[in-house]
Protein chains: 2
Amino acid sequence: MMTTGTAAPPAPLLPGELDRPAAPPTRTKRVTEAVAAARRILEEEGPNALTMRRLADEMGIRAPSLYKHLSGKADLELLLIEDALFDAGEATHRALHDPGPHSPLLNLLVAYRAFAMTRPNLYRLATSGPLVRQSLPEGLEDWAGNPWFVVTGDSSLAQALWSLAHGMVILELDDRYPPGSDLDATWRAGAVAFERGAAVSERSVDEFVWSTVTRAPSSPQDPVAPRLSDG
Amino acid sequence: MMTTGTAAPPAPLLPGELDRPAAPPTRTKRVTEAVAAARRILEEEGPNALTMRRLADEMGIRAPSLYKHLSGKADLELLLIEDALFDAGEATHRALHDPGPHSPLLNLLVAYRAFAMTRPNLYRLATSGPLVRQSLPEGLEDWAGNPWFVVTGDSSLAQALWSLAHGMVILELDDRYPPGSDLDATWRAGAVAFERGAAVSERSVDEFVWSTVTRAPSSPQDPVAPRLSDG
DNA sequence: TGACATGGCTAACATCGTTAGCCATAATGG
DNA sequence: CCATTATGGCTAACGATGTTAGCCATGTCA
């Protein structure tokens, strides 16, 4: 669960580690309840069950009344994503400090995988589709991604390692690996590659450019409504 | 575009390379048209535009008439996924044979990234959410994933590398990297890690087990209807 | 020629997110 | 102390979505 604003035991920051960002914009009691209920429904009954009517039901009211507290479903999902990012940040930062049995990099991977596996639907919701970046609390995204930098010491390597972790997590959640795959071995293989890569100088490679790779011109995605404040 | 069943110039197979799987189950002319139209709509107008009514419109008929050819929207999407897997397999197998300017591993990554970037919405559709494995043509999945094994020589390493590629692709498509990120550098960093890892003996690592990491008990996803044949 | 399969159509339904507009109660201010 | 306003519920309803039921024209073929 998310501990909004309550100060944690102040562990000394590691070199390169960011401090926890300001708490997210204050939430009404009722909004907090709605988010909690939504989270419960999402995780226990799946994403299809998370409808405005079902959510209202869970709160003992009718669907239209939800709009007295939330601007719409997109707003609700944004709040869930906020929670997920806070939780993920907490879990991964903790992995940096806890005396895990392995290397920091491996501890981080283990923590990330465990985080995702224990709340798969929330993880999927928070990491799939275009991100509504400007609606998130200031600094949250940076803080949540910071452990990957702390562990690798390089921003490109950090992004690559996070990509690997996310890729493995989401493919595992979606059952995309061939049946019978030894996923632990897959994670191990990935960890090994980066464990070795992180220790090595950043630019021992030929200057390869990806310039031939470009995005298809103006490929539309789904529009995402900007966040509205509590009404 | 997909070249269903038409034989390609028979390039000699590389060691470990799988042969192209049998062509997908025959599609009616009308079904083929529907899939083509759907693909056009999806890529040019985004996933939200891919509606049964919109698709019917594109074909000059009314929505209910679509059900004379397809069992439902899930069926249509499955056909799109089939196409995407064939195309991806073609692109990546070609990367193995073309005299690319780089190492095989790098050539593969470049091809994969380019493939995804040129049809982002189809890629997202084909790789997001639970896979309806039993509805896919026999051998398609294995064949499409085979290049990753050819390049790494090890199944765990192959899955990890594919995970990295998918992670980077999907995060790039969804704009999940912090603004201003040098994504080429990220891909380079990832490639380097695996370039080095692939050359090394598979088991130079301590025997790490992930046994503490388990899935949340019975977390529901969205049910997926099994594929029905053409009606 | 008649039976049947093919492939269109309209009408309609359930479910979804969402809006409009009503009303009771609580809070607030002259 | 009462009037006014804000809060937060409600019902009714709308438009979009996937989908089904049932009708009918046309072509195929025994």
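All chains are named by letter (A, B, ...) in the order of the sequence lines, taking the proteins before the strands, and each is independently numbered beginning at 1.
For A/E141, the side chain to side chain contact (heavy atoms under 4.5 Å, CB included) partners two or more places apart in sequence, or in a different chain, are A/L131, A/R133. Qualifying side chain to side chain donor-acceptor pair (under 3.5 Å) partners for A/S181, counting only residues two or more places apart in sequence or in other chains: B/Q159. Every residue two or more places apart in sequence or in another chain that forms a side chain to side chain contact (heavy atoms under 4.5 Å, CB included) with A/A34 is listed here: A/M59, A/L70.
Side-chain N/O atoms of B/H69 include one lying less than 4.0 angstrom from OP1 or OP2 on C/dG8. Distances shown here put a side-chain N or O of A/S65 below 4.0 Å from the OP1 or OP2 atom of D/dC10. For the pair B/R30 and C/dT6, the criterion of a side-chain N or O lying under 4.0 Å from OP1 or OP2 is not met.
One interatomic measurement links the two molecules: NZ of B/K29 to P of C/dG7, which rounds to 12 Å at whole-angstrom precision. Distance, B/M59 CE to C/dG7 C1': 11 Å, rounded to whole Å. Separating the CG atom of B/D57 from the P atom of D/dA16 is a distance of 13 Å, rounded to the nearest angstrom. Per the geometry, CD belonging to A/E33 stands 14 Å off C1' belonging to D/dG9, to the nearest Å. For the pair B/R62 CZ and D/dA25 C1', the interatomic distance rounds to 17 Å; values are reported in whole Å. In this structure, A/L66 atom CG and D/dT11 atom P are separated by 13 Å, rounded to whole Å.
In this structure, B/Y123 and B/Y112 have perpendicular ring planes: the angle between them is above 60°, well past the 30° mark.
Using five terminal pairs a side, the axes of the helix from C/dT1-D/dA30 to C/dG30-D/dC1 at its two ends make an angle of 10°, given in steps of 10 degrees.
The pair A/E45-A/R40 does not count as a salt bridge, with every side-chain nitrogen at least 4.0 angstrom from each carboxylate oxygen. Using a 4.0 Å cut-off between charged nitrogen and carboxylate oxygen, B/R119 and B/D83 do not count as a salt-bridge pair. Using a cutoff of 4.0 Å between basic side-chain nitrogens and carboxylate oxygens, A/E58 and A/R54 are scored as salt-bridged.
Residue pairs that meet the salt bridge (charged side-chain N to carboxylate O under 4.0 Å, His left out) test with at least one member in residues 155-169 of chain B, sequence neighbours left out, do not exist here.
In this structure a side-chain-to-backbone donor-acceptor pair under 3.5 Å is missing from B/S128 to B/L125.
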(request) Treat primed atoms plus P, OP1 and OP2 as sugar-phosphate and everything else as base, then score nucleotides 12-20 of chain C 5' to 3': B for base contact with protein heavy atoms under 4.0 Å, S for sugar-phosphate contact only, - for none. (result) B---BBBBB
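Taking every side-chain heavy atom of A/K68 into account, D/dG9 is the closest of C/dC9, D/dG9, C/dG7.
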